Engineer: 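First the structure, then my questions, so here it is.
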Amino acid sequence: MDGLDDLLGGMDPARRHRYELTQRMQKRYFSSRRDKTLSNEINRWVDVTLASLVGPHPEGRILAVIGDPGAGKTRAIKRAMSAVPALGQSTLCVIAPRPCTLKQLGRTFLSAMGYELHRDLREHLTWEKVRDHLEANQVRFVWVDEFQHVLDGKHDAQVAAISDTFKNLVQRRSWPVSFLLSGLPAVSSFLGRDRQLERRSRTLEFGCLSFPASTGLIREVLLNTIVETDGGMGLGDLATDEFVHRLCHATGGALGVVIDLIRSAVLEAAERSTFNGIIQMCDFAAAYASERGCEPSENIFLSSRWHEIRPENSRLRPPVSAEER
C-alpha cells in the first residue's frame, strides 16, 4: 500500500487501536440537506452546459461553492461530483497553489493534464497552451478548489486579468469550458465584479451550524454517531444544550471543524489513563488545547466564562520581549 505496509506492521497494539479508530471515524460521511442542494446545483451546472453546447451559441457556466474554512466544501463536492455519471471523464480538478499568480494557475492546469512546461513561458502563452490542452484532452468541466488563493493580494488590474482569462475560456466558441470554483466568500465577490461572468454563474453558500438551531444535528447525529457508534463510547452527561453550545462556539459552527474536534476528543478519551468507557469534558478540552495551544483560562471547554472567549484569539501568544514592553 504505497510503501506504508511496514509502518502499519510495526505498530504496537496501542498505536494499532488508534489507527483503526481513526480510520473508522474518517470513513464516515455525514449527509445533510445541503448535500441534496449541492447535488441539484451540480446536476443543473452540467445539464445547462450540455444544453448550451448543442445550441447555436455554445458557452460554459460557472458554479461557485463558498463557505468559511472547515465548512466541509471539498469533501461534499467530491462526493456530489462522483455521483454524476461519466462527469469525471471530462473533468479537470485542480487546487490553486498559494501564493498563486495567474501564470502559476495556468501551469497548475497544464500539470494536472499531464503536460510539463520545460521552459518558462509568458503568461498569455501559458494560457494559450491551457486552452489547447483542454480541448485536446476533451475537458469540458474544471473544478478549481481554494480559488481564493488566485485572488489573494491582487490589485484591480490583476483581478480584471483573472476575470478576462476565465471569461475567455467560458465564452470560447470552439471549445467552451464550465467552471466550479470553490473557496472562501471572496470567490462570490470576484464573480460579482464582472457582469458577463456574473450572469453565467450561480453561487451556493455553505453556512455554519448555530445554537440552538443545529442542536438536534449536533447531538443526535454527530455526537451520537462519532462518539457512540464509531468510537464505542458513552456520552455520559455531555448531551446537554450547554455542551452543544460550547461546541458550536469553539468551532465557529463550521461543520467540518465540529466533526474533526469530536473525533479528536474521542482519540483523547481512548488514550486517557482514567478512561472508563465514557467520554468527558476534559477530553474535548484536551482536543481543543492541542489545536489551539491555549491557556486553560482561554479553553472554551474549561472556562466558566466560555461564552466571552473568542476562539480566534484563544491561542498562546509568544512572550513579549523586554524591547517590546
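Bear in mind the structure is a predicted one, so any value in this text is a computation, not a measurement.
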Engineer: Would you call Arg98-Glu146 a salt bridge at under 4.0 Å N-O?
Structural biologist: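 Salt bridge flag = no for Glu146 with Arg98.
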
Engineer: Evaluate Trp127 against Asn168 for side chain to side chain contact (heavy atoms under 4.5 Å, CB included), listing each step before the verdict.
Structural biologist: CA-CA 10 Å; Trp127 281 96; Asn168 177 277; over 6 Å; no

Engineer: Is it true that, when you exclude Gln89 itself, more than 12 heavy atoms of the residues, nucleotides or ligands shown sit nearer than 6.0 Å to its CD?
Structural biologist: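 No, the 6.0 Å shell around CD holds no more than 12 heavy atoms from other groups.
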
Engineer: Could you give the distance from CD (Gln104) to OG1 (Thr108), rounded to the nearest 0.5 Å?
Structural biologist: 7.0 Å

Engineer: Hey, can you tell me if Phe147 and Phe190 have their rings parallel, tilted or perpendicular (30° and 60° cut-offs)?
Structural biologist: tilted

Engineer: Are any of the side-chain heavy atoms of Ser90 and Gln138 separated by less than 4.5 Å?
Structural biologist: no

Engineer: Is it the case that the ring center of Phe243 lies less than 6.0 angstrom away from the ring center of Phe211?
Structural biologist: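 Not under 6.0 Å, so no.
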
Engineer: Is a side-chain N or O of Thr225 found less than 3.5 angstrom from the main chain of Leu222, in a donor-acceptor match?
Structural biologist: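 No, the answer is negative, given that no donor and acceptor are paired below the 3.5 Å cut-off.
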
Engineer: Distance from Leu121 atom CG to Leu117 atom CG, nearest 0.5 Å?
Structural biologist: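 It comes to 5.0 Å.
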
Engineer: Just by distance, do the side chain of Glu268 and the backbone of Ala265 share a donor-acceptor pair under 3.5 Å?
Structural biologist: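 No; judged by distance alone, with no hydrogens or angles, the pair does not exist.
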
Engineer: Decide side chain to side chain donor-acceptor pair (under 3.5 Å) for Thr91 and Trp143; before the verdict, give the C-alpha distance in whole Å, the side-chain angles of both, and the deciding distance to 0.1 Å.
Structural biologist: CA-CA 7 Å; Thr91 301; Trp143 172 23; over 6 Å; no

Engineer: Could you walk me through whether Asn299 and Trp306 satisfy the side chain to side chain contact (heavy atoms under 4.5 Å, CB included) test, starting with their C-alpha distance in whole Å, then the side-chain angles of each, then the deciding distance to 0.1 Å, before giving a yes or no?
Structural biologist: CA-CA 7 Å; Asn299 192 311; Trp306 60 269; over 6 Å; no

Engineer: Would Phe109 and Tyr115 count as a close aromatic pair, with their ring centres under 6.0 Å?
Structural biologist: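 So the answer is no for these two rings.
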
Engineer: Keeping the roles fixed (side chain from Asp194, backbone from Leu191), state whether a donor-acceptor pair exists under 3.5 Å.
Structural biologist: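 A pair under 3.5 Å: no.
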
Engineer: Can you tell me if Asn137 uses its side chain to pair, donor with acceptor, with the backbone of Val139 under 3.5 Å?
Structural biologist: no

Engineer: Checking side-chain polar atoms at under 3.5 Å, does Gln196 have a donor or acceptor matched by the opposite partner on Glu198?
Structural biologist: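 Side-chain D/A pair, Gln196 to Glu198: absent.
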
Engineer: Starting at CG of Leu247, measure out to CZ of Arg219 and round the result to the nearest 0.5 Å.
Structural biologist: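 Between Leu247 CG and Arg219 CZ, I get 11.5 Å after rounding to 0.5 Å.
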
Engineer: Please determine, by modelled atom types, if Ser264 and Glu291 share a side-chain donor-acceptor pair under 3.5 angstrom.
Structural biologist: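 There is no such pair between these side chains.
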
Engineer: Show the nearest heavy-atom pair for residues Ala254 and Pro69, with the distance to one decimal.
Structural biologist: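 Heavy atoms of Ala254 and Pro69 come nearest at CB-O, 3.7 Å.
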
Engineer: Check for a donor-acceptor pair, side chain of Ser52 on one end and backbone N or O of Val48 on the other, with a separation under 3.5 Å.
Structural biologist: no

Engineer: So with a 6.0 Å cut-off around CZ of Arg33, is the heavy-atom count from everything else above 12?
Structural biologist: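 Result for CZ/Arg33: open.
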
Engineer: Taking Arg79's backbone N and O only, do any of them form a donor-acceptor pair with Ser82's side chain (distance below 3.5 Å, no angle check)?
Structural biologist: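 Such a contact is found between Ser82 side chain and Arg79 backbone.
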
Engineer: Between Arg44 and Arg202, does the side chain to side chain contact (heavy atoms under 4.5 Å, CB included) criterion hold? Intermediate values first, please.
Structural biologist: CA-CA 10 Å; Arg44 177 189 175 113; Arg202 288 171 65 88; 3.2 Å; yes

Engineer: Gln148 side chain to Leu184 main-chain N or O, any donor-acceptor pair under 3.5 Å?
Structural biologist: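 Side chain of Gln148 to backbone of Leu184, a donor-acceptor pair under 3.5 Å: yes, one is there.
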
Engineer: When you measure from the side chain of Arg246 to the backbone of Ile300, do you find a donor-acceptor pair of N or O atoms at a distance under 3.5 Å?
Structural biologist: yes

Engineer: For the backbone of Leu125 and the side chain of Lys129, can you confirm whether one donor and one acceptor N or O come within less than 3.5 Å of each other?
Structural biologist: no

Engineer: Can you confirm whether Asp68 sits close enough to Pro185 that some side-chain heavy atom of one is under 4.5 Å from a side-chain heavy atom of the other?
Structural biologist: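 Result yes, sub-4.5 Å side-chain heavy-atom pair found.
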
Engineer: Do Thr22 and Arg263 have side chains that get closer than 4.5 Å, going by heavy atoms?
Structural biologist: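 The answer is no, as the side chains (C-beta and beyond) never meet within the 4.5 Å cut-off.
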
Engineer: Would the number of heavy atoms belonging to other residues, nucleotides or ligands and lying under 6.0 Å from CZ of Arg272 be above 12?
Structural biologist: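 Check passes, neighbour count above 12.
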
Engineer: Indicate yes or no: does Glu135 engage Arg172 in a salt bridge with an N to O separation below 4.0 Å.
Structural biologist: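 Between Arg172 and Glu135 there is a salt bridge, with a charged N closer than 4.0 Å to a carboxylate O.
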
Engineer: Quick one: does Arg107's side chain get under 4.5 Å of Glu116's, heavy atoms only?
Structural biologist: no

Engineer: Would you please test Leu92 and Phe141 for side chain to side chain contact (heavy atoms under 4.5 Å, CB included) and show each step?
Structural biologist: CA-CA 6 Å; Leu92 178 71; Phe141 302 92; over 6 Å; no

Engineer: Using 0.5 Å steps for rounding, measure from the CG atom of Leu21 to the CE atom of Met233.
Structural biologist: 6.0 Å

Engineer: At what distance, to the nearest 0.5 angstrom, does NZ of Lys78 lie from OH of Tyr29?
Structural biologist: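 Lys78 NZ to Tyr29 OH: 11.5 Å, rounded to 0.5 Å.
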
Engineer: Got more than 12 heavy atoms from elsewhere within 6.0 Å of CZ, Arg122?
Structural biologist: no

Engineer: Quick test of your reading of the model: are Asp12 and Arg15 salt-bridged, counting only N-O distances below 4.0 Å?
Structural biologist: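 Salt bridge absent between Asp12 and Arg15.
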
Engineer: If you measure from the Lys or Arg side-chain nitrogens to the Asp or Glu carboxylate oxygens, is any gap between Arg310 and Glu308 under 4.0 Å?
Structural biologist: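 Result for this pair is no, no salt bridge flagged.
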
Engineer: Calculate, to the nearest 0.5 Å, the distance between atoms CG and CD1 belonging to Leu180 and Ile62 respectively.
Structural biologist: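 The distance works out to 10.0 Å.
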
Engineer: Other residues, nucleotides and ligands only: do more than 12 of their heavy atoms fall within 6.0 Å of CD1 on Ile95?
Structural biologist: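 Count not over threshold, so no.
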
Engineer: In the structure I gave you, are the side-chain heavy atoms of Ser39 and Asp35 within less than 4.5 Å of one another anywhere?
Structural biologist: no

Engineer: Output yes when a side-chain donor or acceptor of Arg24 lies under 3.5 Å from a complementary backbone atom of Asp230, and no otherwise.
Structural biologist: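 Checking the backbone N and O of Asp230 against the side chain of Arg24, a donor-acceptor pair under 3.5 Å is found.
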
Engineer: Heavy atoms, side chains only, cut-off 4.5 Å: are Leu102 and Thr165 in contact?
Structural biologist: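 Of all side-chain heavy-atom pairs linking Thr165 with Leu102, at least one is under 4.5 Å.
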
